[in-house]
Amino acid sequence: MEERKGFGSNFGFLMASVGSAVGLGNIWGFPNKMGASGGFTFLVVYLVLAVLCGFIVMVGELALGRKTGKGVVSAYHVLSKRFKWLGWLGILSPFFILFFYCALGGYCIKYVVVNVGDLFGASFGSAAFAEVAAANGTSLGAEVFNAFMGNPTEAIIYGLIFVALTMLIVMGGVSGGIEKVCSVGMPALFVMLLICIIRACTLPGAVNGLKYMFVPGWAVANGIIEEAPNFLTVLSTAGGQMFFSLSLGMGAMITYGSYLGKKENIQKNGLLIVIMDSIVAFMAALCVLPGRFALDPNGDLGGPGLLFVTMQNVFSRMGGMGPLFGILFYLLVVFAAISSSISLLEVIVAHFVDKARDAGKGDKRKVYTLIAAAAVSLGCILVCADALGNSSFSPADLLGIAEPKAWAADWLDFWDAVSEGVMMPLGALLMTFMVAYEIGTDVVKDEIEQCGNKFTAFKFYNVCVRYVAPLGLLLVLYGQIKQFFF
Ligand code: TRP
């Protein structure tokens with residue numbers, strides 16, 4: 001029978017896992033959530049949750065994946081009687097996430113192109129919108145984005161380019177594609193981010209961004225948000241952000257764990273992934289927020305407006321070097337997005353490839369990656385054509401809802417609500433139930449202690465997985481449902 005090939009080295013595994021974790025969530029979600037939810041307080045809550053819930057679920061997923069050596073559907077099938085079906089949740093959520101993730105990845109590629117245009121004074125740069133912006137009294141960034149949203153065909157083309165790139169890497173296999181790309185891409189991303197931070201923090205006025213981030217109450221005192229969220233809201237916002245950012249609750253880490261060698265240390269790797277992901281989220285905030293407060297003090301702080309209007313304004317107003325920093329920044333966002341989208345696609349592909357191999361059909365990776373990517377393309381086209389709800393066929397339009405909540409406002413939010421809002425917290429919650437109350441925590445311990453490794457945090461793990469993590473996840477579920485549906 002064909003051999004199931006895994007990661008070539010522990011470093012490769014680590015970079016791939018960090019790549020999966022570091023994504024749009026870090027660069028886009030974290031900075032704003034931190035500022036709007038109490039600055040430093042949010043950071044502390046986030047880190048505590050990352051250790052008490054994130055790390056716990058992370059080592060659990062990695063261990064279950066490696067123990068079974070299978071994709072997420074088969075892994076649950078082997079492990080559990082009651083939760084056999086849970087693996088399907090773990091495959092469907094990445095599928096739905098890919099719909100909007102690829103659309104947004106495409107937007108980021110478009111913005112690399114825009115800034116290349118500015119570098120050479122070409123007609124596809126943002127500078128071409130100077131007259132329109134002046135006439136309308138808007139900003140360059142706003143005009144660029146409006147024009148882009150008014151042209152769904154262009155958005156679809158960029159989205160499909162992003163799907164194609166993701167597909168090509170996954171076709172290359174785990175060690176030949178994913179590991180290779182992430183081993184180079186992640187260190188490069190880190191360096192690029194450092195350069196962007198130095199530039200952003202040395203802009204005049206950048207200090208307000210740091211105050212918004214760190215000083216509790218500053219955002220309210222300066223009228224940036226109306227009132228401070230209560231502690232429960234901060235907890236659930238931080239929890240939801242943390243889970244999405246660590247790629248948990250969707251079979252991604254189970255799948256990557258299944259490719260990890262038996263002698264590698266899961267506890268150490270899990271901790272490193274959590275630490276590195278948090279560091280990059282924090283670093284992204286140090287780049288995005290000071291930039292915004294220095295050069296576009298009235299710009300959007302969240303949502304698509306932050307990444308595609310405010311940040312573009314920042315680069316357009318930076319002077320001669322602006323386009324260069326724009327290219328660097330959007331390229332690093334593309335890197336972050338691709339290293340995540342390949343993990344999402346791999347969850348789906350791994351399952352079908354394993355099944356075919358077990359049935360003696362040989363290595364079907366290329367064919368199945370192509371089929372999965374084609375299916376993802378359809379969802380991506382829908383999200384791009386919808387142009388953030390500007391179309392006449394958003395969920396609210398189709399259902400005749402006059403004042404839609406977030407889930408119905410546009411197709412991007414719809415898929416986000418289904419996956420990140422419901423399926424992810426539910427999947428993670430049921431997984432902790434399964435480990436704690438059905439199969440037992442010794443299963444995880446035995447797997448982690450393979451080849452002489454020690455699970456020194458086992459006692460901590462035991463308490464957290466029984467009581468703390470389920471409670472935290474219930475809270476996240478509540479917060480997500482409130483955010484998307486009420
Ligand atoms: N972690 C990624 C981000 O922060 C998103 C992501 C990638 C993800 N793979 C995942 C989320 C698997 C959940 C499950 O943007």
Side-chain angles (χ1 to χ4, degrees), residues 15-34 46 50 53-54 57-58 60-62 65 71-72 86-87 89-105 107-108 162 166 169-170 178 181-182 185-186 189 193 238-257 273-274 276-285 288 306-307 332-351 376 412 415-429 431 473 476 480:
M15 286 302 107
S17 306
V18 172
S20 166
V22 170
L24 296 173
N26 299 58
I27 295 165
W28 188 355
F30 186 85
N32 175 51
K33 286 183 192 163
M34 178 166 168
Y46 183 91
C53 298
V57 177
M58 173 72 72
E61 287 200 17
L62 290 175
V72 59
L86 204 51
L89 210 62
I91 264 195
L92 271 181
S93 349
F95 186 57
F96 295 152
I97 290 189
L98 276 167
F99 289 178
F100 64 88
Y101 216 83
C102 290
L104 292 169
Y107 288 16
C108 295
F162 190 88
T166 305
I169 300 173
V170 173
I178 297 176
V181 170
C182 292
M186 285 301 110
L189 179 145
L193 193 52
Q241 168 67 21
M242 189 264 303
F243 261 86
F244 185 77
S245 186
L246 286 174
S247 308
L248 296 173
M250 307 210 175
M253 298 327 283
I254 294 187
T255 306
Y256 274 12
I273 299 168
V274 174
M276 289 199 235
D277 182 64
S278 307
I279 290 179
V280 173
F282 184 66
M283 285 171 68
V288 171
L306 171 64
L307 206 52
L332 90 83
V333 185
V334 172
F335 273 29
I338 285 212
S339 63
S340 297
S341 64
I342 53 182
S343 88
L344 291 160
L345 189 61
E346 176 63 25
V347 175
I348 305 165
V349 170
H351 165 66
V376 166
L412 191 159
W415 297 115
D416 196 16
V418 174
S419 56
E420 197 191 351
V422 182
M423 291 165 84
M424 173 197 67
L426 202 62
L429 181 66
M431 189 203 83
L473 284 165
V476 171
Q480 301 286 58

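Atoms within a ligand are numbered from 1 in the order they appear, just like the ligands themselves.
Listed for the Ser339 side chain is a donor-acceptor partner under 3.5 Å among the backbone atoms of Ala336. In this structure, Glu346 contributes its side chain and Val170 its backbone to no donor-acceptor pair below 3.5 Å.
Proximity of Met276 to Met186: side-chain heavy atoms (C-beta onward) are nowhere separated by under 4.5 Å. The shortest distance between side-chain heavy atoms of Met253 and Ile273 falls below 4.5 Å.
Residue Tyr101 comes nearest to Leu24 through the heavy atom pair OH-N, 2.9 Å, listed as atom of the first residue, atom of the second, then distance.
Ordered by chain and residue number, the residues placing a heavy atom less than 4.0 Å from ligand 1 are Ser20, Ala21, Gly23, Leu24, Gly25, Asn26, Tyr101, Phe244, Ser245, Ser247, Met250, Ala252, Ser340, Ser343, Leu344.
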Pairs under 3.5 angstrom only: tabulate donor-acceptor contacts from the side chains of residues 243-250 to other protein residues two or more places apart or in another chain.
from   : atom 1 : to     : atom 2 : distance (Å)
Ser245 : OG     : Asn26  : OD1    : 3.1
Ser245 : OG     : Asp277 : OD1    : 3.3
Ser245 : OG     : Asp277 : OD2    : 2.7
Ser247 : OG     : Ser20  : O      : 2.9
Ser247 : OG     : Ser20  : OG     : 2.8

